[in-house]
Enquirer: 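Quick one: the structure is below, questions incoming.
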There are 2 protein chains.
Amino acid sequence: MSAPSHLDRAPSLADVLAHRLEHDIAQGHYAPGEKLPSEQQLATTYGVSRPIVREAIGRLKHDGLVTSRQGSGAFVAESGGASVFRLDVSNFKDRQEIESLIELLMAIESSATELAAQRRTDQDLIAIGNQLEAMQAAIERGDSGVDEDVAFHQAIVEATKNPFFMDLSTFLDRRVRHFIRTARANTAKLQTGHMMAVQDEHRDIFNAIRDRDAQGARQAAENHLKQAAQRLAIYMKPV
Amino acid sequence: MSAPSHLDRAPSLADVLAHRLEHDIAQGHYAPGEKLPSEQQLATTYGVSRPIVREAIGRLKHDGLVTSRQGSGAFVAESGGASVFRLDVSNFKDRQEIESLIELLMAIESSATELAAQRRTDQDLIAIGNQLEAMQAAIERGDSGVDEDVAFHQAIVEATKNPFFMDLSTFLDRRVRHFIRTARANTAKLQTGHMMAVQDEHRDIFNAIRDRDAQGARQAAENHLKQAAQRLAIYMKPV
DNA sequence: ATAACCAAGTTGCCTGACAAGATGGCAACT
DNA sequence: AGTTGCCATCTTGTCAGGCAACTTGGTTAT
């Protein structure tokens, strides 16, 4: 079935070529705006076939590092560097990586909560309140409430109206939530006492947002995330 | 939302196919761990050739959405969602987007400064101090000092030892700096008075980091970024 | 000199083919 | 029977060659 015993699969030729070109561009070997060699030429110099070159270049195009014009050639993108940022998270649960990820999540979420308090519309507030109630219902139902927890934070982030916050938060929440799930499967320890605390912290955040108290919202969010990180630490295996 | 409405260029077949598969996976049309149709099959069903299918799937692999095993097939990745986050920034001067970007930058940078104050080694402090002096030299030289400014912040972020902060900050700094450069080319207005203020704010940050005053570092950073945003607003064209 | 034009180069895409790895079933053996 | 070993078959990875659409720069004709 799954059992993804990921031995490092051999990198494909397109992989190594893409990385090589990427490296050459970053190193300034090809200047911005410069035309890079034709596919045929790259194929011969690197000893691979043209489809491989196409795949590699296609990847760079996708990452905004080069743009190509039919009939003309491929050019490395101007405007210093890529127009898309890639955040690679190795699926592997490396403790260090998870902690770094959580730090980033805390930074994003606390700022987002502050902004949400400043900008929330009445509709935003209603949405956040609904998620708060959904969380309450989950608790009384005896559910894990992880999904509702995430939804609550998502509703807050959406009130910022900042797409970057929204996207990043979605991604990070997903990641961390996934980590929690897999980790919890090992320890299998339910903590209903914790959830009451979570809900109290959530309520503080909600009240601050309701009152448009930006500073208070930030502090409430920081407090909540700090507590959450501590609760989470239980699931972390000691190194 | 992130409609790739690249007006300049018609989307390639691989593009549309990749987006389509991406959409199907996100929509749950293909479950995690499920094997998706063979390349040949996809080629016939979508009416394109196998190389195109390969390119599209290669892109999804690159983004961590699917994994493929030679001889077996391609499977959509487990672990809820992608393992890489893509932040697409349309290269061009959309005021809304720049403001959102700057907000994100402020969130990252102020948190990073706080962390840096907690974790800095003596070596980190020296590196940051060096950049501070370089900035001073640039001012006295009459330079723009944008590069030195960025380098100062980079040195701080590196002191966090958090790779995600480092990478994201690098990207955002690059983007914003690029915006400043192009915008400044229009207004072409040098502001030596501003730079003295910048330097003062930088010094406050430095001192707080030196004293390991996390709270003070955060406040100094927030103050600096707030001021910087206001100075930057000059370059923003009214909508 | 200027304008139309054509040939070479380049990307976008296709067909066909072979090698390497994986899978499932069939046959042989215990 | 149950297990083991082998093989046909499928799938991905890679290659070769070729045609169409487009860009570019020089050449020719006016």
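Note on naming: letters A, B, ... go to the chains in the order of the sequence lines (proteins, then strands), and numbering restarts at 1 for each one.
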Enquirer: Are A:Arg20 and A:Val16 packed together at the side-chain level, in the sense that at least one heavy-atom pair is separated by less than 4.5 angstrom?
Expert: no

Enquirer: With the side chain counted from C-beta on, respond yes when A:Asp15 and A:Arg59 share a heavy-atom pair under 4.5 Å apart, and no when they do not.
Expert: yes

Enquirer: Are B:Arg86 and A:Asp167 close enough for a salt bridge, meaning some N to O gap below 4.0 Å?
Expert: no

Enquirer: Should A:Leu36 and A:Ile57 count as side-chain neighbours, where that means a heavy-atom distance under 4.5 Å?
Expert: yes

Enquirer: For A:Gly71 and for A:Leu13, find the nucleotide of DNA chain D with the closest heavy atom, then tell me which residue's nucleotide is more 5'.
Expert: A:Leu13

Enquirer: Among residues 46-56 of chain B, which contact DNA chain C at a heavy-atom distance under 4.0 Å?
Expert: B:Val48, B:Ser49, B:Arg50, B:Pro51, B:Ile52

Enquirer: Please determine if B:Lys161 and B:Asp124 form a salt bridge, counting it only when a charged side-chain N lies under 4.0 Å from a carboxylate O.
Expert: yes

Enquirer: For a 4.5 angstrom cut-off between non-hydrogen side-chain atoms, does B:Val198 reach B:His224?
Expert: yes

Enquirer: Here's a test of your reading of the structure: between B:Ser72 and A:Ala14, which maps to the more 5' nucleotide of DNA chain D?
Expert: B:Ser72

Enquirer: Take atom CD of B:Gln40 and atom P of C:dC14, then tell me their distance rounded to the nearest Å.
Expert: 12 Å

Enquirer: What is the distance from atom CG of A:Leu104 to atom OG of B:Ser111, rounded to the nearest 0.5 Å?
Expert: 9.0 Å

Enquirer: Does the side chain of A:His202 reach to within under 4.5 Å of the side chain of A:Glu148, using non-hydrogen atoms?
Expert: no

Enquirer: Using the rule side-chain contact (heavy atoms from CB on, under 4.5 Å), only one of B:Val76, B:Thr67, B:Ile25 pairs with B:Leu60; which is it?
Expert: B:Ile25

Enquirer: Can you find a heavy atom in the side chain of A:Phe85 that is under 4.5 Å from one in the side chain of B:Leu168?
Expert: yes

Enquirer: Can you tell me the Watson-Crick or wobble partner of D:dT28, both distances under 3.5 angstrom?
Expert: C:dA3

Enquirer: Heavy atoms of chain A, cut-off under 4.0 Å: which first and last nucleotide of DNA chain D, 5' to 3', fall inside that, if you could look?
Expert: D:dT14 to D:dT23

Enquirer: Measure all distances between protein nitrogen or oxygen atoms and nitrogen or oxygen atoms of nucleotides 6-8 of chain C, and list the pairs falling under 3.5 Å.
Expert:
none

Enquirer: Does any part of the side chain of B:Phe164, heavy atoms only, come nearer than 4.5 Å to the side chain of A:Glu103, both counted from C-beta?
Expert: no

Enquirer: Quick one: is C:dG12 close enough that its OP1 or OP2 comes under 4.0 Å of any side-chain N or O from A:Lys61?
Expert: yes

